[in-house]
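Here is the structure we will look at.
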Amino acid sequence: MAASGSPNARPARQERSRRTLERLLDAAEALLEQGGLDAATVPAIAARSDLSVGVVYRRFPDKDALIRAVYERFFERSREGNRAALAPNRWAGAGTAAIVRSLVHGMVQGYRLRRELLRALLLYAETHPDPRFRRRASELNREAFRGIATLLLSRGKTLSHPEPAKAVRLILLVVGSALRTLVLSGEEHPNPFGGGDRLDQELSRLTLRYLGIAEDRPERTGRPRARRPA
């Protein structure tokens with residue numbers, strides 16, 4: 001259960017306790033998404049989950065332990081989804097350029113759809129006083145990028161960069177940093193390409209050009225017809 005990673009959080013062993021825990025985590029996540037860290041107070045979480053403040057404190061010693069459990073659950077779910085999405089057999093027969101475009105599009109959409117929640121969770125992790133938790137948070141964030149790197153490097157000769165392993169790590173760092181700046185920061189750093197799909201198109205273009213990935217050739221549906229003599 002997600003709360004097991006939170007210090008001093010009571011483990012939920014019975015079904016009723018697990019349901020109560022999920023209600024608390026769902027309520028806290030919704031408040032983080034709507035109003036950020038300041039909105040996710042213990043009384044607000046209790047009211048949102050239709051539980052008493054006492055129930056919250058029986059499960060968690062303080063707000064920090066509860067938000068840490070939300071963080072752990074969110075990124076654990078993301079990790080499970082990424083493992084399925086990045087499984088090599090899912091991409092059998094796909095061209096490398098198509099894989100890059102699909103992965104970049106998915107990353108951009110994921111940041112956009114959960115923008116406010118991601119902003120709150122990343123701010124929480126980056127400003128947390130516990131260095132062990134900050135290291136754990138960084139590891140969770142890096143894991144998805146390692147999966148993408150493994151998938152891209154498995155495409156072998158389709159990457160013409162002279163040092164593909166280093167290049168993949170660098171471009172993923174660039175793309176991740178761009179998403180955090182352009183999507184999460186909002187008005188502070190407006191997207192120079194505007195809205196719509198331009199951001200994922202340009203990030204895909206950047207990735208393909210830097211890694212030296214050629215455009216996928218269209219599949220031939222049959223032999224070309226012979227030209228009739230004049």
So CG of L32 and CD1 of I67: to nearest 0.5 Å the spacing works out to 4.5 Å

Write out all pairs satisfying salt bridge (Lys or Arg N to Asp or Glu O under 4.0 Å) with one or both partners inside residues 23-41, taking only residues at least two apart or from two chains.
D26-R73, E29-R73, E29-R114, E33-R114

Taking V108's backbone N and O only, do any of them form a donor-acceptor pair with D200's side chain (distance below 3.5 Å, no angle check)?
no

Please determine whether side chain to side chain contact (heavy atoms under 4.5 Å, CB included) holds for the pair L203 and L179, giving the CA-CA distance in whole Å, both sets of side-chain angles, and the decisive distance to 0.1 Å.
CA-CA 9 Å; L203 290 177; L179 287 174; 4.0 Å; yes

Find the distance between CZ (R58) and OG (S17) and round it off to the nearest 0.5 Å.
10.0 Å

Nearest heavy-atom approach of L152 to L159 is O-CD1, 3.6 Å

Looking at every heavy atom in both A28 and A40, which two are closest together, and how far apart are they?
O-CB, 4.4 Å

Which atoms form the tightest heavy-atom contact between G36 and A120, and what is the distance?
CA-CB, 4.2 Å

Using the ring pair (Phe, Tyr, Trp, His ring centres under 6.0 Å) rule, collect all pairs that involve residues 19-41, keeping only residues at least two apart or in two chains.
none

Heavy atoms of A27 and R48 approach each other most closely as CB-CG, 3.5 Å

Partner set under side-chain hydrogen bond (donor to acceptor under 3.5 Å, both in side chains) for S49, not counting sequence neighbours:
none

Residues R155, I213; criterion side chain to side chain contact (heavy atoms under 4.5 Å, CB included); working and verdict:
CA-CA 10 Å; R155 309 301 290 188; I213 298 171; over 6 Å; no

Check the pair L25 / L66 against side chain to side chain contact (heavy atoms under 4.5 Å, CB included), numbers first and verdict last.
CA-CA 7 Å; L25 297 182; L66 201 166; 4.2 Å; yes

Apply the test side chain to side chain contact (heavy atoms under 4.5 Å, CB included) to residues L86 and T150: give CA-CA distance (whole Å), side-chain angles for both, the deciding distance (0.1 Å), then the verdict.
CA-CA 9 Å; L86 297 172; T150 299; over 6 Å; no

What distance do L117 atom CG and L31 atom CG have between them, rounded to the nearest 0.5 Å?
11.0 Å

Given V168, which of L153, L151, L173 fulfils the side-chain contact (heavy atoms from CB on, under 4.5 Å) condition?
L153

With side chain to side chain donor-acceptor pair (under 3.5 Å) as the rule and sequence neighbours excluded, what pairs involving residues 166-176 come up?
E163-K166

Is R142 salt-bridged to E139, cutoff N-O under 4.0 Å?
yes

To the nearest 0.5 Å, atom CZ of F60 lies from atom CG of L21 at 5.0 Å

Heavy atoms of A44 and A39 approach each other most closely as CB-O, 3.6 Å

With sequence neighbours excluded, residues passing ring-ring contact (aromatic ring centres under 6.0 Å, His included) with Y210
H161

Do S52 and V55 come close enough that some side-chain heavy atom pair is under 4.5 Å?
yes

Atom pair CE (M107) and CD1 (I148), whose distance is rounded to the nearest 0.5 Å
4.5 Å

Got a sec, which residues hit salt bridge (charged side-chain N to carboxylate O under 4.0 Å, His left out) with R205, two or more places apart in sequence or on another chain?
E202

Enumerate the ring pair (Phe, Tyr, Trp, His ring centres under 6.0 Å) contacts for residues 75-101, please, sequence neighbours excluded, ordered by first and then second residue.
Y71-F75

Only counting residues at least two apart or in another chain, list the ones meeting ring-ring contact (aromatic ring centres under 6.0 Å, His included) with H105.
none

Any residue meeting ring-ring contact (aromatic ring centres under 6.0 Å, His included) with Y124, in chain and number order, not counting sequence neighbours
H128, F133

With sequence neighbours excluded, give me every salt bridge (Lys or Arg N to Asp or Glu O under 4.0 Å) pair touching residues 92-102.
R101-E215

Qualifying salt bridge (Lys or Arg N to Asp or Glu O under 4.0 Å) pairs, either residue in residues 78-92, two or more places apart:
E76-R79, R79-E143, R83-E143

So OG of S138 and CZ of R136: to nearest 0.5 Å the spacing works out to 11.0 Å

For R77, all residues meeting salt bridge (charged side-chain N to carboxylate O under 4.0 Å, His left out), sequence neighbours excluded:
E22

